[in-house]
Visitor: 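The structure under discussion is supplied below as structure tokens; questions concerning it will follow.
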Amino acid sequence: GAVVSQHPSWVICKSGTSVKIECRSLDFQATTMFWYRQFPKQSLMLMATSNEGSKATYEQGVEKDKFLINHASLTLSTLTVTSAHPEDSSFYICSAVAGGTTDTQYFGPGTRLTVL
Amino acid sequence: QKEVEQNSGPLSVPEGAIASLNCTYSDRGSQSFFWYRQYSGKSPELIMFIYSNGDKEDGRFTAQLNKASQYVSLLIRDSQPSDSATYLCAVNLGGTASKLTFGTGTRLQVTL
């Protein structure tokens, strides 16, 4: 149980284009999903908290107009990197928390974004 | 002062030995404590969570929590080369929407 998927697993795009990353909880409903970014040899950096049916809460320094998050259902959250630039190249990872009393975050496999 | 501190390592242990990974945290309000394993280029994988003081065992893994000392540890018995990875300690204040605060991770190397 507690499987989280991400799509795509990797993507290469040209500078200035937008990229959408999907995060799905496969066998549970996720009331809350989180989006992280990780640069090589660095720790995870939380970008935003996504709650189903409401606006995402962004961490300080994360541009909400650049990183658009939509949590339209209890099993799907999407992160869109708009007008991507080479400095946005990173490993993007989502996590999901099941409803109820648990607060355990289960991570997706991550999406490696390379912006040329 | 970092909120969650871990020794970055690498911690090198021979195959079959016990690996001991340590973590301290600063927020006394922390309620939930997690250990994740992250292989290079992969996302974190949950190993264990612990909420109460004391020990919690799951197979070869034992998590230990001491809230008075603000200390949580992970013991790996009979270490295998496949255990070689970075181990992330994470804490939160409890609640389903509670954010995790991660340590920087300890790199474990299990040698043959």
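Just so we're on the same page: letters track the sequence lines, and every chain starts at 1.
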Visitor: For a side chain to side chain donor-acceptor pair (under 3.5 Å) check, start with the C-alpha distance between A:D103 and B:Y51, then their side-chain angles and the critical distance, and finish with the verdict.
Guide: CA-CA 11 Å; A:D103 60 355; B:Y51 300 137; 3.0 Å; yes
Visitor: Quick one: list whatever passes salt bridge (charged side-chain N to carboxylate O under 4.0 Å, His left out) with A:E22, sequence neighbours left out.
Guide: A:R24
Visitor: Is it true that, when you exclude A:K55 itself, more than 12 heavy atoms of the residues, nucleotides or ligands shown sit nearer than 6.0 Å to its NZ?
Guide: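 No - once you tally the heavy atoms of other residues, nucleotides and ligands closer than 6.0 Å, there are 12 at most.
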Visitor: Could you check whether B:F33 and B:Y25 have their ring centres less than 6.0 Å apart?
Guide: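 Ring-ring flag for B:Y25/B:F33: true, centres closer than 6.0 Å.
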Visitor: Using salt bridge (Lys or Arg N to Asp or Glu O under 4.0 Å), reason through B:R77 and B:E57 one step at a time and then give a plain yes or no.
Guide: CA-CA 11 Å; B:R77 289 180 298 281; B:E57 186 174 321; 3.4 Å; yes
Visitor: Run the numbers on B:Q80 and B:D78 for side chain to side chain donor-acceptor pair (under 3.5 Å), then give the verdict.
Guide: CA-CA 6 Å; B:Q80 302 297 310; B:D78 188 23; 3.1 Å; yes
Visitor: Which pairs count as side-chain hydrogen bond (donor to acceptor under 3.5 Å, both in side chains) when at least one residue sits in residues 7-16 of chain B, sequence neighbours excluded?
Guide: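 Listed once each, the pairs would be none.
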Visitor: Could you tell me which residues in residues 36-46 of chain B have at least one non-hydrogen atom under 4.5 Å from a non-hydrogen atom of chain A, sorted by residue number?
Guide: B:Y36, B:Q38, B:G41, B:K42, B:S43, B:P44, B:L46
Visitor: Within a reach of under 6.0 Å around NZ of B:K99, are more than 12 heavy atoms found that belong to other residues, nucleotides or ligands?
Guide: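 Check fails, neighbour count at 12 or below.
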Visitor: Would you call the rings of A:Y92 and A:F67 parallel, tilted or perpendicular, where under 30° means parallel and over 60° means perpendicular?
Guide: tilted
Visitor: Would a 4.5 Å heavy-atom cut-off, applied to side chains only, mark B:V91 and B:S32 as touching?
Guide: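 Contact flag for B:V91/B:S32 side chains = no.
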Visitor: Which bit of A:Q6 comes within less than 4.5 Å of chain B, counting heavy atoms only: side chain, backbone, both or neither?
Guide: neither
Visitor: Sub-4.5 Å heavy-atom contacts with chain B: which residues of residues 35-50 of chain A show up?
Guide: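 Under the 4.5 Å heavy-atom cut-off, A:Y36, A:Q38, A:S43, A:L44, A:L46, A:T49 qualify.
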Visitor: Between A:T57, A:I93, A:T104, A:N51, which has the largest tally of heavy atom pairs under 4.5 Å with chain B?
Guide: A:T104
Visitor: Looking only at the side chains, is there a donor atom on one of A:N70 and A:T78 sitting less than 3.5 Å from an acceptor on the other?
Guide: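 Side-chain D/A pair, A:N70 to A:T78: absent.
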Visitor: I'd like to verify something: which residue of A:Q105, A:M33, A:R112 has the highest number of heavy-atom pairs under 4.5 Å with chain B?
Guide: A:Q105
